[in-house]
Visitor: 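Quick one: the structure is below, and I'll ask about it shortly.
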Amino acid sequence: MPLTRRAFLAVTGACGAGLLAPNWLLAATGQSVNGMHRGVIPSTGESIPAIGMGTWITFNVGGDEALIDQRTEVLETFLDLGGSVIDGSPMYGSSNDVIGEALATLGAHDRIFSATKIWTGDGSETRSQASTSERRWGVQGFDLLQVHNLLAWREHLATLKTMKAEGEVRYIGITTSHGRRHGELAGIMASEPLDFIQITYNLLDREAEDTLLPLAQERGIAVLVNRPFQGGNLFRRFESEPLPSWAGDIGCRNWAEFFLKFVISHPAVTFAIPATSKVAHMRENMGAITGTLPDAAQRQRMIDYVARL
Amino acid sequence: MFGPEVFLRLFLRMNQVQSALALLGCVLALLIPWLASRSGTTPRRFAIALCGAAFVLSGLVFLIGYYAPINWPASGFGWAFVAQGAMLVAAALAMSEAGLPECWPMARLLIWGVIVAVLPWTTAYLLGDWRGLGLFGLAPDTTAAASLVLVRGLAGWLRWVLVGLPLIWALFSALTYIALGLPLLMVAPIATVGLTVWALWPRAGRN
């Protein structure tokens, strides 16, 4: 039977859909797209590279021009290697100003997913502080505004919801760290329309697995992870030890990739925001954005390995 | 919070940019003990006033100008240093002759010399650059610690008032250095606590 044009087009279309479907499906579940791991924000379906950049301590360099130049190189490396999310806060001293200077030097304002926090006990200062941060970053509005460490969260969240409805911000969220106030945060997640939470989660600090991560999945809330290296403590404890012989199976060439892949391989995690002041370390961090991710069994193996060290 | 490198570079940057003030700090460190050991009342009043000037400089230049941008409590401490300096200047002008400290004995000169000569090197050593010296009149640790040598010679309630800020600063510094993981810098706050006890210790013939 001769091949009709209709049949040819149907077969070709089916083959094309079959080739494209894995990427589309993987994107929906927050996995690898074009070789780069991306997290999917459940409220919109937007996907973001799974490794971002924190700025706590690392970008607080005041008016030190030599260090500002050096941090600009770190940011440039981050962006060139596919990074997008930058997370800051007014609590981080001069970090907001240094981020702004670095972005201006690189002309990179349109290359980032900008996230900062509202950090004031005065519930009426939400917009004012957001505006100040916009000025310091040199951006016209943030992608994500978060209430920092639940400080005056009721007042700030109410204003943030209004700001989001008015188009002044794309996403809103709440942060905590060091495993603090998880119970209170869970209550907020269950009752408020959050796009994001930011929590501490790493190989040693896994309390979030009990309640917050499953709740985030259930409620369709994106998870931004801080302290993926426990503030550098994971390196101090384990860097002198050898990687496990099976590290290559999960695409890990160094401890930074080992720690970060553990974090971003959790199905509830959208992206992690490690902080660094060194270009070489940024390169290592961004290495986690490609290659194999551990599955559930391999994640347990990672936990067991460091527990024995 | 900030990193150790950022903190240590504050001293390098300040000494480089404010080199004239750094030199002034060195001059004050030499002039104050010289004046304080003179027999006349006017030189000894000048010693107290110049110590006040050192506090004002340290508060305005280092604490408010350099440190506060990375550590916001430093701004409050900066103004506290300015207030301490103003208090010392006012005391120098208003103090009765009987209230002036006696001429510094050799022991007090030596203690002052050790403080202003040794403490500045802790930051320079950690930075690996002599230009990072924490000089008297600019670095708050050295300024606060050295001032206690002068306080030792004062009498009455003024002694108790003037030890308050150095002691609180020493506590703040200690906590900061622990957080930064710079144990060598603990020399200054520990010395300040010891000097505070010494400054308040009852002296024979004077309360």
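These numbers come from the heavy atoms of this one structure, side chains and all, not from hydrogens, waters or symmetry mates. Naming: A, B, ... by sequence-line order, numbering from 1 per chain.
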Visitor: Quick one: side-chain hydrogen bond (donor to acceptor under 3.5 Å, both in side chains) partners of B:R45, sequence neighbours excluded?
Guide: none
Visitor: Spell out, as yes or no, whether a donor-acceptor pair under 3.5 Å connects the side chain of B:T143 to the backbone of B:G137.
Guide: yes
Visitor: Please report all inter-chain donor-acceptor pairs (under 3.5 Å) between chain B and chain A, with distances to 0.1 Å.
Guide:
residue: B:M1; atom: O; partner: A:N60; partner atom: ND2; Å: 3.0
residue: B:R9; atom: NE; partner: A:D64; partner atom: OD1; Å: 3.4
residue: B:R9; atom: NE; partner: A:D64; partner atom: OD2; Å: 2.5
residue: B:R9; atom: NH2; partner: A:D64; partner atom: OD1; Å: 2.7
residue: B:R9; atom: NH2; partner: A:D64; partner atom: OD2; Å: 3.3
residue: B:R13; atom: NH2; partner: A:G63; partner atom: O; Å: 3.4
residue: B:I70; atom: O; partner: A:N60; partner atom: ND2; Å: 2.9

Visitor: Which residues pass the ring pair (Phe, Tyr, Trp, His ring centres under 6.0 Å) test with A:F235, not counting sequence neighbours?
Guide: A:F229, A:F259
Visitor: Is it the case that the side chain of B:S58 and the backbone of B:F55 share a donor-acceptor pair, with hydrogens and angles ignored and the cut-off at 3.5 Å?
Guide: no
Visitor: Apply ring pair (Phe, Tyr, Trp, His ring centres under 6.0 Å) to A:F59 and list each qualifying residue two or more places apart in sequence or on a separate chain.
Guide: none
Visitor: Check each of B:V149, B:L148, B:V116 against B:I111 using the side-chain contact (heavy atoms from CB on, under 4.5 Å) test, and report the only one that passes.
Guide: B:V149
